[in-house]
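So the structure is just underneath, and the comments pick up after that.
Worth knowing before you read on, the calculation uses all heavy atoms, side chains too, and leaves out hydrogens, waters and symmetry mates. Quick note on labels: first sequence line is chain A, next is B, and so on, each numbered from 1.
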Number of protein chains: 2
Amino acid sequence: MNEIEKFFALKDVRVTAMRLLIYKFLADKQVAVTLSDIENAFEKADRTTLYRTIKTFEDKAIVHQIDDGTGITKYALCEKGCNCEIEADLHLHFHCNNCNETICLTEHKIPQIKVPNGFVSEDINLVVKGICDKCSGL
Amino acid sequence: MNEIEKFFALKDVRVTAMRLLIYKFLADKQVAVTLSDIENAFEKADRTTLYRTIKTFEDKAIVHQIDDGTGITKYALCEKGCNCEIEADLHLHFHCNNCNETICLTEHKIPQIKVPNGFVSEDINLVVKGICDKCSGL
DNA sequence: AAAGTGATGCAATGGAAGTGCATTTATAAT
DNA sequence: ATTATAAATGCACTTCCATTGCATCACTTT
Ligand SMILES: [Mn+2]
Ligand SMILES: [Mn+2]
Ligand SMILES: [Zn+2]
Ligand SMILES: [Zn+2]
């Protein structure tokens with residue numbers, strides 16, 4: 001039983017060939033991916049399987065969903081130790097208007113946000129859009 | 001020529017019956033609305049007209065789009081003097097997980113967000129999710 | 001081996017966003 | 001006022017992504 005399989009067991013996710021492949025695919029990527037990115041990477045595989053795999057990963061806090069405003073949901077591996085629950089796990093995302101890629105800025109935690117009286121904050125989505133480091137040439 | 005018509009002229013938007021109705025509908029609402037909200041409010045009207053009306057409003061900075069993470073884009077009237085351009089106009093949005101309503105917190109401007117070297121920030125979307133004042137009972 | 005549970009594959013559905021084109025309505029020009 | 005021009009509207013159609021039902025397959029347990 002290798003590292004990934006142990007990790008799956010820890011997360012209460014059964015090991016299958018497809019799941020291992022998708023996990024490795026995500027681990028290699030430095031950017032958040034869409035479902036069709038995954039589809040393109042595994043053309044022989046069925047869309048539904050990929051869809052349900054990523055949903056399983058999401059349920060088990062292996063990946064987190066990212067809504068970057070493009071209308072297409074993206075996914076990225078959670079950080080080690082992330083439970084996708086507490087505010088400590090929340091980080092900001094950057095979407096590049098040029099190359100259209102979205103990346104996790106895991107080092108950049110969400111600042112404290114004040115909400116008016118009576119409002120209870122449970123979750124925060126913070127997306128910065130602009131030009132990424134690769135595209136800006138700075 | 002009444003107030004709204006003057007405002008339309010200022011924004012370079014032709015006055016039509018439908019546009020006036022939709023504008024008033026938005027002005028009455030305290031929450032952001034979806035396209036189907038508008039459809040339900042004007043069942044006799046054609047969907048496309050409503051769609052293109054809201055797009056026109058958006059182009060002319062009469063309404064702004066809100067991506068609250070539900071996957072359905074919402075719209076709300078811009079504040080007086082808003083041009084939907086400069087960062088001063090950006091405010092945070094609150095989405096209630098209970099009543100599913102989304103409101104503009106126009107008083108709550110987006111805090112300064114630091115991005116890593118090489119990244120250029122052009123736009124920011126900040127959505128807080130939780131329980132709204134009406135639902136929390138606090 | 002048999003039974004049971006979960007994973008996968010295929011087909012179909014739903015919902016929202018967007019487009020092309022003909023027609024109506026409003027504005028501008030004569 | 002009539003005509004010409006341009007914009008707004010209505011209808012039909014399309015595209016894209018997300019999601020579900022159900023049959024089948026694979027693995028685990030007894
Ligand atoms: Mn992330
Ligand atoms: Mn707003
Ligand atoms: Zn880029
Ligand atoms: Zn509420």
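Separating the CZ atom of Phe8(B) from the C1' atom of dT27(C) is a distance of 17 Å, rounded to the nearest angstrom. Whole-Å rounding puts the Lys44(B) NZ to dC11(D) P distance at 14 Å. Distance CG (Asp67(A)) to P (dC17(D)): 15 Å, rounded to an integer number of Å. Here dA18(D) presents its P atom at 12 Å from CG of Leu50(A), a figure rounded to the nearest Å. Regarding Lys74(B), its NZ atom lies at a distance of 11 Å from the P atom of dA17(C), rounded to whole Å. The separation between Asn40(A) atom CG and dC16(D) atom P is 13 Å, rounded to whole Å. Taking atom CD of Glu43(A) as the reference point, atom P of dG9(C) lies 15 Å away to the nearest angstrom. Residue Asp12(A) contributes atom CG, which lies 11 Å from atom P of dG6(C) at whole-angstrom precision.
In summary, the aromatic rings of His93(A) and His108(A) are positioned with their centroids too far apart to meet the 6.0 Å limit.
Taking a 4.0 Å limit (strictly below) on heavy-atom distances, residues 16-23 of chain A reaches DNA chain C at Thr16(A), Met18(A), Arg19(A). DNA chain D lies under 4.0 Å from at least one heavy atom of each of the following residues of residues 54-64 of chain A: Lys55(A).
Here the shortest heavy-atom pairing between Glu101(A) and Val31(A) reads OE1-CG1, 3.4 Å.
The hydrophobic cluster around Val120(B) extends to Ile131(A), Leu138(A), counting ILVMFWY residues whose side-chain heavy atoms fall within less than 4.5 Å of a member.
Phe57(B) pairs by the ring-ring contact (aromatic ring centres under 6.0 Å, His included) definition with Phe8(B), not counting sequence neighbours. Listed by chain and residue number, nothing satisfies the salt bridge (charged side-chain N to carboxylate O under 4.0 Å, His left out) test with Lys109(A) (two or more places apart in sequence, or in another chain). The salt bridge (charged side-chain N to carboxylate O under 4.0 Å, His left out) check on Asp12(A) picks up Lys60(A), with sequence neighbours excluded. Taking Asp133(A) as the reference, Phe119(B) meet the side chain to side chain contact (heavy atoms under 4.5 Å, CB included) condition, with sequence neighbours excluded. Partners of Tyr51(A) under the ring-ring contact (aromatic ring centres under 6.0 Å, His included) rule, at least two apart in sequence or in another chain, do not exist in this structure. With sequence neighbours left out, Glu58(A) forms a salt bridge (charged side-chain N to carboxylate O under 4.0 Å, His left out) with Lys55(A). Listed by chain and number, the residues in a salt bridge (charged side-chain N to carboxylate O under 4.0 Å, His left out) with Glu3(A) are Lys6(A) (sequence neighbours excluded).
DNA chain D is contacted by both Gly71(A) and Arg47(B); Arg47(B) maps to the nucleotide lying nearer its 5′ end (nearest heavy atom per residue).
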Where protein sits on nucleotides 20-30 of chain D, one letter per nucleotide: B base, S sugar-phosphate only, - none, heavy atoms under 4.0 Å: BBB--------
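Thr73(A) comes within contact range of the sugar-phosphate backbone alone, with a heavy-atom separation under 4.0 Å but no base atom that close.
Among residue pairs with one or both ends in residues 15-24 of chain B, none qualify as salt bridge (Lys or Arg N to Asp or Glu O under 4.0 Å); sequence neighbours excluded.
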